[in-house]
Amino acid sequence: MSRFKYSVGPWNVHEGADAYGPATRETISFEEKIRTFKEMGFDAIQFHDDDSVPNMNNMTEAEIIAEAKKVKALLDKYDLKAEFVAPRLWMDPHTVDGGFTSNSKDDREFAMWRAYRSIDIANALGCDKLVLWLAREGTICYESKSPVTSTKLLIEAINNMLAYDKNIKIMIETKPNEPVDRSVCPTLGHAMAISAASNDPSRVGGLLESAHAMLAGLDPASEIGFALAMGKLWGVHLNDQNGMKFDQDKSFGVENLRTAFNQMKVLMENGFGDNGEYIGLDVKVMRTEKQEGSYKHLENSLKIAKMLEEKAARFDYDFQEKCVKERDYEALEMYVMELLMKG
Ligand code: 3MF
Ligand code: MG
């Protein structure tokens, strides 16, 4: 029995299209996905605003809320919760040059409209968390934007969201690059600083995705630990990544097992989940996988996460203390390797 509750997004089961080629699998309906997620043992669903209300741009505010309530009924049917809603600001023609930090005032207003609607949707789905993955908030041509203005615009946008709803909590999902070259808010350290500069730091926290930390050249376990120390780690997207290339969203632990172990260990040591936080998986199945394998990466990630949870639960803190006292880190390191490699 895992001590954690797990969450997943509908985008984590996808057709396999990438920047260089078309889909390799059939589309699976939203209801079919969440029914399967429940069977697999997931407790909650993560949403983009338009995952729950497709075509929302053409709908009134009341219509959007009514549509979101239908999705809430579907969640109830399968006894699932909604973890968060994230405005999907990277797909829309209005956000080609960014959302909250766009050079266009109209586009910045559109981004705020989507953020407010995302809060409405979160309320209709019965959750109090918004995720900001700031996909296009940054530059692809450095001189096109000022880093100072962009940072201030981002804080202003967050303040507007905090003022719009007195209960909403914002998790910044940091990522250093892709699709932009240089992000306004690349690491959890930056997210914590934005939080501190906001009008209500108690409602602005972070979400760490393993692969995003690795793309910044950082250890995800340390990023997790940093935000935990601030009391502001409210979500994680566990996955994996082979080095600093494009965002691979590989199954948790398949490339960097020791790092994965240490992520699980730091979450367990610091009571992550005690306030209802979920362990989110943000993984993609390989493009080569056939239709029947559409969920295999999620099965594998869950299995690996739970196996690492068991390993972390067996970690010998007395032996660690002894090694630390004797400053024998070679022995400690070998102990960890044996813990991971022996059954
Ligand atoms: C991109 C991501 C995103 C976010 C999602 C929810 C599409 O690298 O990780 O997935 O996780 O938008 O915040
Ligand atoms: Mg993510």
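Order of appearance sets the numbers: ligands from 1, and atoms from 1 within every ligand.
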Region of [X] engaging ligand 1 - heavy atom pairs below 4.0 Å:
{"X": "Gln46", "result": "neither"}
{"X": "Arg88", "result": "neither"}
{"X": "Glu178", "result": "neither"}

N or O contact, Trp133 vs ligand 1, cut-off under 3.5 Å: no

Salt-bridge present (Glu32, Arg35; N to O < 4.0 Å): yes

Pair Glu83 + Lys129, salt bridge at N-O below 4.0 Å: no

Lys5 to Tyr278, cation-pi by 6.0 Å centre distance and 45° axis angle: yes

Face-on cation placement of Lys265 at Phe315 ring, 6.0 Å and 45° thresholds: yes

Residue and atom name of the nearest protein heavy atom (relative to atom 13 (O) of ligand 1), distance in Å to one decimal: Glu173 OE1, 2.6 Å

Which residue and heavy atom of the protein sit nearest atom 5 (C) of ligand 1, plus the separation: His48 NE2, 3.2 Å

Tyr164-Asp120 side chain donor-acceptor pair, cut-off 3.5 Å: yes

Identity of the N, O or S atom of [X] lying closest to the Mg ion (ligand 2):
{"X": "His237", "result": "ND1"}
{"X": "Glu209", "result": "OE1"}
{"X": "Glu173", "result": "OE2"}

Contact check: Asp282 to the Mg ion (ligand 2), N/O/S below 2.8 Å: yes

Metal site the Mg ion (ligand 2): N/O/S of His212 inside 2.8 Å: no

Under 4.0 Å from a heavy atom of [X]: which atoms of ligand 1 are those, numbered in the order shown and with their elements?
{"X": "Lys175", "result": "1 (C), 8 (O)"}
{"X": "His237", "result": "11 (O)"}
{"X": "Val131", "result": "13 (O)"}

Parallel, tilted or perpendicular for [X] and [Y], by the 30°/60° rule?
{"X": "Phe272", "Y": "Phe4", "value": "tilted"}
{"X": "Phe42", "Y": "Tyr6", "value": "perpendicular"}
{"X": "Phe30", "Y": "Phe47", "value": "tilted"}

Sub-4.0 Å heavy-atom approach of Trp90 to ligand 1: yes

Co-membership, hydrophobic cluster, residues Val8 and Phe84, 4.5 Å side-chain: no

Candidate list Phe319, Tyr329, Tyr317, test ring pair (Phe, Tyr, Trp, His ring centres under 6.0 Å), partner Tyr335, passing option: Phe319

Nearest candidate to atom 8 (O) of ligand 1, where distance is taken over non-hydrogen atoms, out of Leu132, Asp249, Asp247: Asp247

